[in-house]
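This report refers to the structure that appears directly beneath it.
Protein chains get the first letters and strands the later ones, always in sequence-line order, with residue 1 at the start of each.
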Amino acid sequence: MRRAVKIILIGFSVTLLIIAQNSHAAEIEIREFPNNRVSADYQQLINELRCLVCQNQNLAASDADLASDLRDETYNMLISGKTVAEVKEFMVARYGEFVLYKPPFSPATWIIWIGPFVLLAFGLFIAVRITRNSANTSIPAPSAADEKRVNKLLDN
Amino acid sequence: MTDKSITRKPIFWVPLALFFGLCVLLAIGLTLNPREIPSPLIGKTAPAFELPILSDPEQQFSTLDSLGKPWILNVWASWCVACRYEHPILNEFAQNNDTFIVGLNYKDPPANGQAWLDQFGDPYTLSVIDFDGRVGIDWGVYGVPETFVMDASGIIRYKHIGPITVASLQNEIVPLLRELSSEPKTQIREPEF
């Protein structure tokens, strides 16, 4: 009995170890920054730039080879004194506006930025109209014939 | 208010119209391939590079060398599974055409790249080594294989993402090359933005 418990415990801890190792599959990159500003810019960029290989992840979250290359590129550009806008420009020139998780406010993206507010306004307008209409409509008094029928039905 | 009077109001039909509009948009969305991101580089001058040649790393190839005639850049790697699919198609194309094809051996140890060409055949006029993938970034490469077609003045005219198929070769690349080779060679095109 004791042996069985021992074996189960060992098996359990080995499983835990394997899970723990796999969850740290992504290598932790250690980068040094000259000051907090550059560090903040770097964090902002890798969170706002999209990984093109795994399209629903940003550079910060992606484990793809290209994402790691683009993180290096971002880091090197910032270290060499480039601004956030310049790094974004560099990426957009190569990969298109698709790399930006936060698309710029341009005629092509107006519908994305304004659309939800237009829909919300439209919905509010409809809601107000419906509630007003239902408040205004008074229920007409039943006709004499209807009242007679109701009374007859209730009496039965 | 009876049911009839509601249906007469135009607003009654708005949700239905919105629903069908959404259906049309979603139906269009289903036919698109989200992996194909339009390249902003089309219509612009091809990014210049100078890289060692795979078969003879002592020598460098510069994009300037290919100026004056249309050329193709094909991004490939020995670790790329889809490249195996397109490789026989490229081999056959190279046999029947004398187009200048540069292979960009992307993020691949040169020995692996050379072994791959020895095994599967070499359709390229020459291949260059982009071991760190830096030139790949300049060309906006995000999924190997990728294929670019440049005109005689070095402007990127076409990009194909993913393996080339016989259909894409016959319907797009070959007609484009025919059109490009008939264009006057001295003509310098301004990059289109």
Side-chain angles (χ1 to χ4, degrees), chain A residues 49-57 59 62 64-77 87-101 103-104 106 108 111-112 115-116 118-123 125-140, chain B residues 1-2 5-6 9-19 21-22 25 29 32-49 75 77 79-80 82 106-109 130-146 148 156 159 161-162 191 193:
Chain A
L49 293 171
R50 186 200 297 260
C51 169
L52 291 112
V53 182
C54 18
Q55 296 187 346
N56 292 323
Q57 283 185 312
L59 288 187
S62 175
D65 214 20
L66 180 67
S68 123
D69 286 355
L70 291 180
R71 282 195 298 267
D72 288 344
E73 196 66 38
T74 304
Y75 175 77
N76 290 334
M77 284 182 82
V87 176
K88 280 190 188 174
E89 214 174 284
F90 174 92
M91 297 294 176
V92 169
R94 281 155 184 77
Y95 300 102
E97 279 181 356
F98 187 80
V99 290
L100 303 175
Y101 255 128
S106 70
I111 193 162
I112 303 174
V118 172
L119 281 180
L120 182 68
F122 183 70
F125 170 74
I126 300 277
V128 167
R129 264 190 71 151
I130 288 172
T131 44
R132 268 207 193 143
N133 276 354
S134 60
N136 286 345
T137 33
S138 48
I139 300 157
Chain B
M1 205 195 281
T2 61
S5 68
I6 297 174
K9 284 192 170 182
I11 203 150
F12 176 81
W13 299 100
V14 166
L16 195 66
L18 282 177
F19 172 74
L22 198 63
L25 282 180
L32 301 175
N33 178 1
R35 294 244 143 230
E36 269 180 37
I37 304 160
S39 173
L41 291 165
I42 289 172
K44 297 198 180 146
T45 308
F49 63 79
V75 186
W79 47 260
C80 153
Y106 178 70
K107 302 202 74 163
D108 207 7
D130 183 25
F131 183 59
D132 58 5
R134 188 59 197 72
V135 168
I137 291 181
D138 277 343
W139 284 72
V141 172
Y142 64 89
V144 197
E146 288 188 13
F148 298 81
I156 299 177
K159 178 183 182 185
I161 295 155
F193 292 105

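When all heavy atoms are compared, the tightest approach of B:Leu41 to A:Arg94 is CD1-O, 4.2 Å.
The CG atom of A:Leu119 lies 7.5 Å from the CG atom of B:Leu18; values are rounded to the nearest 0.5 Å.
Around the CD1 atom of A:Ile111, the shell of radius 6.0 Å holds no more than 12 heavy atoms that belong to other residues, nucleotides or ligands.
Within the 4.5 angstrom heavy-atom criterion, only backbone atoms of B:Val141 (N, CA, C, O) approach chain A. For A:Leu66, the part sitting under 4.5 Å from any heavy atom of chain B is the side chain, from C-beta outward, and nothing else. For a residue to count as touching a neighbouring chain, one of its non-hydrogen atoms must lie under 4.5 Å from one of that chain's; by this rule A:Val99 does not touch chain B. In this structure, no portion of A:Glu97 lies under 4.5 Å from any heavy atom of chain B.
When each of B:Gly136, B:Pro40, B:Gly143, B:Pro47 is scored by its heavy-atom pairs under 4.5 Å with chain A, the top score falls to B:Pro40.
Under the salt bridge (Lys or Arg N to Asp or Glu O under 4.0 Å) criterion, B:Lys107 pairs with A:Asp65, A:Asp69, not counting sequence neighbours.
Side chains of B:Tyr142 and A:Leu70 form no contact here, defined as non-hydrogen atoms less than 4.5 Å apart.
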